[in-house]
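Inspection log for the structure reproduced underneath, given as structure tokens.
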Amino acid sequence: MYGLVNRAVEKLVCSRFGEPAWERIKARAGVDVEFFASNESYPDSMTYGLVAAASAELGLPAAAILEAFGEYWVLEVAPAGYGAMLDSAGRTLPDFLENLPHFHTRIAMIFPNLQPPRFETSDRTPNSLVLHYHSNRLGLEPFLLGILRGLGKRFQVAVQVDHIGSRGAGSDHETFRITWSDGAAA
Ligand code: HEM
């Protein structure tokens, strides 16, 4: 994954647990990188290794770390670096979700080697839709869940996410029903 992802993991850990914790996590993961360059690609195994080491070092489940990271990503990292892109992707949660299938296409213009997730939406009702998440990577559903919770905060609506289909259960992708409170204009 691009270095900006690892950098964001580093920032999150340092801000909540301090720099010495981050140094221990890197050592445990066997990652000998002083500085992650945002626009350089690093092996996915490095990111997974950092999350596993953070889980062991901080005594938190990996899923909880990924979820916290998803919220942090969409509420802190993305607005600071890519605010205009976020703003133009929708003024309400449902608009934003309907635009998700195209979102990473614009990001791929900045990061040409991006291996983005692929999204589709279906089954729209006034206060829910079904989001289909396709990825070559495994185990990042809690990251997506954190992003969706963060989007609820961004748009100030209560969001409920139900994981209704998965690769583990024989599908070729992950499926979530997302329901939002009436506060969101449809
Ligand atoms: C401006 C905001 C965003 C930026 C700059 C961004 C950028 C990225 C980057 C660089 C990666 C790593 C992929 C790679 O390096 O090959 C990634 C992965 C991912 N992004 Fe985004 N993203 C943004 C917003 C979002 C949003 C709003 C969602 C979903 C609601 C999302 C969902 C994901 C997921 C699930 C992955 C994991 C990759 C996978 O499943 O294969 N991202 N994104």
Side-chain angles (χ1 to χ4, degrees), residues 1-2 4-5 8-9 11-12 15-16 47-48 51 54-55 60-111 114-186:
M1 293 204 217
Y2 271 102
L4 87 151
V5 175
V9 174
K11 246 182 117 188
L12 173 64
S15 68
R16 303 225 176 133
T47 311
Y48 281 94
V51 172
S55 167
L60 294 167
I65 291 172
L66 283 170
E67 197 176 322
F69 181 54
E71 268 206 51
Y72 182 72
W73 181 257
V74 83
L75 290 175
E76 312 264 340
V77 181
Y82 307 90
M85 216 181 257
L86 278 185
D87 288 346
S88 65
R91 289 191 304 117
T92 65
L93 179 71
D95 280 356
F96 194 99
L97 294 174
E98 294 281 14
N99 279 328
L100 263 190
H102 314 290
F103 194 83
H104 286 83
T105 313
R106 290 181 64 193
I107 295 167
M109 290 181 201
I110 314 173
F111 299 103
L114 195 77
Q115 290 176 42
R118 296 173 307 286
F119 294 106
E120 293 152 37
T121 59
S122 70
D123 304 86
R124 175 74 192 269
T125 76
N127 70 331
S128 75
L129 58 70
V130 171
L131 182 69
H132 302 267
Y133 162 46
H134 298 257
S135 173
N136 303 331
R137 304 181 173 100
L138 288 169
L140 298 183
E141 298 79 46
F143 173 59
L144 176 59
L145 189 68
I147 293 183
L148 295 171
R149 292 202 196 296
L151 286 172
K153 291 185 181 167
R154 175 179 171 86
F155 293 109
Q156 297 178 314
V157 290
V159 177
Q160 188 187 324
V161 182
D162 296 303
H163 196 174
I164 56 174
S166 70
R167 287 170 283 187
S171 174
D172 66 350
H173 67 280
E174 308 294 323
T175 312
F176 298 88
R177 183 185 310 284
I178 304 170
T179 310
W180 56 88
S181 60
D182 293 338

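The first residue in the sequence is number 1, and the count goes up from there.
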Quick one, L100 and T121 - any side-chain contact, counting heavy atoms below 4.5 Å? no

Between Y133 and F119, how do the two ring planes meet: parallel, tilted or perpendicular, split at 30° and 60°? parallel

Between S55 and A62, what is the shortest heavy-atom contact and its length? OG-N, 3.6 Å

More than 12 heavy atoms from other groups under 6.0 Å of CZ on R177: no

For the side chain to side chain donor-acceptor pair (under 3.5 Å) test, which of E67, Q160, E71 pairs with R149? E67

Look at the rings of F96 and F103 and say which category their plane angle falls in: under 30° parallel, 30 to 60° tilted, over 60° perpendicular. tilted

Taking atom OG1 of T92 and atom CZ of R154, what is their separation to the nearest 0.5 Å? 11.0 Å

Close side-chain approach of V5 to W73, heavy-atom, < 4.5 Å: yes

Which class fits the ring pair F111 and Y2: parallel under 30°, tilted 30 to 60°, perpendicular over 60°? tilted

As a quick check of understanding, evaluate side-chain contact (heavy atoms from CB on, under 4.5 Å) for V51 and L66, giving each step before the final call. CA-CA 8 Å; V51 172; L66 283 170; 4.1 Å; yes

For the student: nearest non-hydrogen atoms of V77 and A8, plus distance: CG2-CB, 3.8 Å

Decide yes or no on side-chain contact (heavy atoms from CB on, under 4.5 Å) for Y72 and V9, but give the supporting numbers first. CA-CA 9 Å; Y72 182 72; V9 174; over 6 Å; no

Check ion pair E76-K11 (N to O, under 4.0 angstrom): no

What are the two closest heavy atoms between L129 and W180, and how far apart are they? N-CZ3, 3.7 Å

All heavy atoms of F176 vs all of L144, minimum pair found to be CE1-CD2, 3.6 Å

Side chain to side chain donor-acceptor pair (under 3.5 Å) partners of H163, counting only residues at least two apart: E174

Do R137 and M1 come within less than 4.5 Å of each other through their side chains, counting heavy atoms only? yes

Q156 CD to S181 OG distance, which is reported to the nearest 0.5 Å: 10.5 Å

Measuring from I178:CD1 to N127:CG, what's the distance to the nearest 0.5 Å? 12.0 Å

Closest non-hydrogen atom pair between A78 and L86, with its separation: CB-CD1, 3.8 Å

Taking every non-hydrogen atom, the tightest pair across V159 and G152: CG2-CA, 3.4 Å

Decide yes or no on side-chain contact (heavy atoms from CB on, under 4.5 Å) for L148 and L97, but give the supporting numbers first. CA-CA 9 Å; L148 295 171; L97 294 174; 3.9 Å; yes

side-chain contact (heavy atoms from CB on, under 4.5 Å) between N136 and R118: does it pass, once the steps are laid out? CA-CA 9 Å; N136 303 331; R118 296 173 307 286; 4.1 Å; yes

Is a donor on one side and an acceptor on the other found under 3.5 Å between the side chain of R167 and the backbone of L138? no

With heavy-atom distances below 4.5 Å as the criterion, would you say the side chains of Y82 and R106 are in contact? no

